[in-house]
Amino acid sequence: MRALAHSRDHATSLLVTALASAFGVSLIQATSMLSDVVGSQGGTAGTALFSVAAVFIGLSMYVASIVTANTFATVVAGRTATIALLRLIGAGAGALRSSVAREGLLVGLVGAALGLVIGVAGSSAARSFAVSRGKMPDIDYTTVHPLVLLPAVMVVLTTWIAARVGSRRVLAVTPIQATGHIVETPDVAARRPVRTALSIIAVGGGFVVLGLGVLLGLMTPTGVIVAFFGGLISFTGIVLGATSIMPATLSGVGKLFGNSASARLAAANAVRYPQRSTRTTIGLVIGVTLVVTLAVASASYATIMRSQPGSEDIEQALNVTTAILGGLVGFSAVIAAVGMVSNMTLSVLQRTRELVLLRALGFTRKQLRATIFYESAQMVIASVGLGVVLGVIYGWAAAQSLLGSIGDTGLTAPTLPWGLVAGTVLAAGILALVASLTPARRAGRLSPAAA
């Protein structure tokens, strides 16, 4: 069991766990800064600020939960054979499950602590820099908001839970099966009718609640809280149904790369192993959705605010808010990139036998590298496409439900930051190449004799 504790896979899970914790801490610290700047205003401004704070805190909890659970599930899935072998030599199921859970707890504790320090230090440095440049007023700011402990605690809990839940599937393997090669089975989604039904209900119900939040926002800024829960429920439904949504989407995108052997194999892999392809792509979907949501919300927020009778207070709050959201957009992009590259790398490392067999069957190194690149490219295209659509919807709903009651604004069209959207697509293309370089290079060095 000690072999599990020394796995190199923990470098990836620790990195993403620390990033998730730092992201949540940064969100809360950013909200605290905004509160210090405009918190003394009453009426609509104060209510809107409270609503934004609640949304930011909830958002940090959700992102931390999904990102850490997804990454650790990928790591645990790659250890199926190792855990099965330990069972073969006499290790008990309970002891193995406890060992995996302890690993998740340890990774969560270390990652959360690192993220807490990075988030607090980074936000403090950013605030000092903005004040020195005159971008933010020189007032007394709250150094560390007490709520920064929430994302850190959530990261620890979700990583521990993800490790324990992830171990349940591999512990179902019998000791005799450890003598063979254990793979993820096809048609996983088809055998989960309850999960599929819950996904459909959550997506449909969530978007209804999201619409109600937008309508409520025409009367009060607290509509953003209702819209937030609507977005949360609907996106959770998308995550629950991802094993049905993503493979089908990836298969369709895969047809764009032609009929070569490498392209056909890459497209088939998405459908053959839905859990694996879903784990690899859902992190990027989350990241892109978050980037576009914050960008569209920021741009729409600025448009609505500037349509009102101007004042120094409104303009100052606008500058601070857009600066904070801009920083969060960049941070979200980092999480998306790290999640995609790390999961793609882990996916290839966990498929060594499959890749070696392809070499033995006649695939050249060039064809093997092309297969990995096509897989990476179709994952990025599918994830970015879905993420951009969802981000535009959620971003517009966030701004509209928060500011629709200001003046005579009413319902307005979303303001799309075309430059950032185009940049996201371009960055995704570069990401596809980067994500495939290291795994493709490693796969190219595999010898057919190793099969």
Expected output: side-chain [X] to main-chain [Y] donor-acceptor under 3.5 Å:
X    : Y    : answer
T159 : L105 : no
S21  : A18  : no
S123 : V120 : yes
S383 : V380 : no
T220 : G217 : no

About how many Å separate [atom2] of [Y] and [atom1] of [X], when rounded to the nearest 0.5 Å?
X    : Y    : atom1 : atom2 : answer
L240 : I200 : CG    : CD1   : 11.5 Å
W396 : S401 : CH2   : OG    : 9.0 Å
Y374 : M379 : OH    : CE    : 15.0 Å
Q400 : L218 : CD    : CG    : 6.0 Å
T236 : L232 : OG1   : CG    : 4.5 Å

Do [X] and [Y] have side-chain heavy atoms sitting under 4.5 Å apart?
X    : Y    : answer
L116 : L149 : yes
H145 : V25  : no
L210 : I393 : yes
Y394 : V292 : no

Could you walk me through whether I238 and L390 pass the side chain to side chain contact (heavy atoms under 4.5 Å, CB included) test, one step at a time? CA-CA 10 Å; I238 292 172; L390 292 174; 3.7 Å; yes

Testing the basics here: between [X] and [Y], what is the closest heavy-atom pair and its distance to 0.1 Å?
X    : Y    : value
A297 : A398 : CB-CB, 4.4 Å
I233 : A202 : CG2-O, 3.4 Å
S124 : T143 : OG-O, 4.3 Å
L14  : V110 : CD1-CG1, 3.6 Å
A382 : L250 : CB-CD2, 3.7 Å
G111 : T17  : CA-CG2, 3.9 Å

Check whether more than 12 heavy atoms from other residues, nucleotides or ligands sit under 6.0 Å from atom CZ of F207, and answer yes or no. yes

